Amino acid sequence: MLGEHQLGTATLVSRTSLTSPTTDTLKAALYLASATKDASTTVYNTTGEVSGTGYTAGGVTVTAATAPTSTNASATAGVAFFTPTASLVYTTVTLSTAFDCVLIYNFTQSLKAISVHTFGSQTITAGTFTLTMPSNTTTTALLRLATT
């Protein structure tokens with residue numbers, strides 16, 4: 001989780017500087033219920049993205065202040081996991097066409113997709129839409145990878 005994507009706290013494994021490492025900027029874009037976003041989605045694009053009052057194409061910036069964690073301290077099987085530190089919040093938006101998907105992607109690394117999450121179909125009028133992040137644990141984290 002720190003190879004292609006520098007998630008959370010900067011590490012010395014940075015591709016830009018060994019003395020001043022930086023983290024990547026992650027974004028979260030919303031997609032229409034009719035859009036096809038799934039495990040085969042490799043990059044962010046605007047096809048099927050919502051549009052409406054108060055929504056900016058590309059979505060919102062993801063607050064990801066905590067580095068990925070791993071239960072694998074000795075290179076044996078374990079779980080690597082990561083959850084953004086704050087909910088995804090879209091404020092004062094009107095999205096009248098049904099949407100049901102969020103794409104989290106790496107804005108810094110050529111818009112590469114990190115994960116796609118679906119939820120029940122939604123619409124919103126002049127309100128705030130919030131996606132609450134789960135606890136950052138081996139069983140509930142937003143991203144969980146088994147290591148062997």
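Predicted model, so just to flag it, every value in this text is computed and none were measured. Heavy-atom basis, side chains included; hydrogens, waters and symmetry copies ignored.
Counting all heavy atoms, side chain and backbone alike, Asn106 lies closest to Asp24 at ND2-OD2, 2.8 Å. Across all their heavy atoms, Lys37 and Cys101 have their closest contact at CB-SG, 3.7 Å. Annotation for Phe81 and Ala141: closest pair CB-CB, 3.6 Å, computed over non-hydrogen atoms. Closest of all the heavy-atom pairs between Ala28 and Val102 is CB-CG2, 3.8 Å. Among all heavy-atom pairs drawn from Tyr31 and Asn45, the shortest one is OH-O, 2.6 Å.
The closest side-chain heavy-atom distance from Tyr90 to Thr128 is not below 4.5 Å. Counting heavy atoms from C-beta on, the side chains of Leu88 and Thr130 never come closer than 4.5 Å. With a 4.5 Å cut-off on side-chain heavy atoms, Val89 and Val60 do not count as touching.
Every pair passing side-chain hydrogen bond (donor to acceptor under 3.5 Å, both in side chains) that includes a residue from residues 114-125 is listed here, sequence neighbours excluded: Ser115-His117. Pairs passing the ring pair (Phe, Tyr, Trp, His ring centres under 6.0 Å) check and including a residue from residues 126-146, sequence neighbours excluded, read Phe99-Phe129, Phe119-Phe129.
The structure places OG1 of Thr108 at 7.5 Å from CG of Leu26, a figure rounded to the nearest 0.5 Å.
For the pair Lys27 and Phe107, the cation sits on the ring face: its NZ or CZ lies under 6.0 Å from the ring centre, inside 45° of the axis.
Both Leu143 and Leu131 belong to a common hydrophobic cluster when Ile, Leu, Val, Met, Phe, Trp and Tyr are linked at side-chain heavy-atom distances under 4.5 angstrom.
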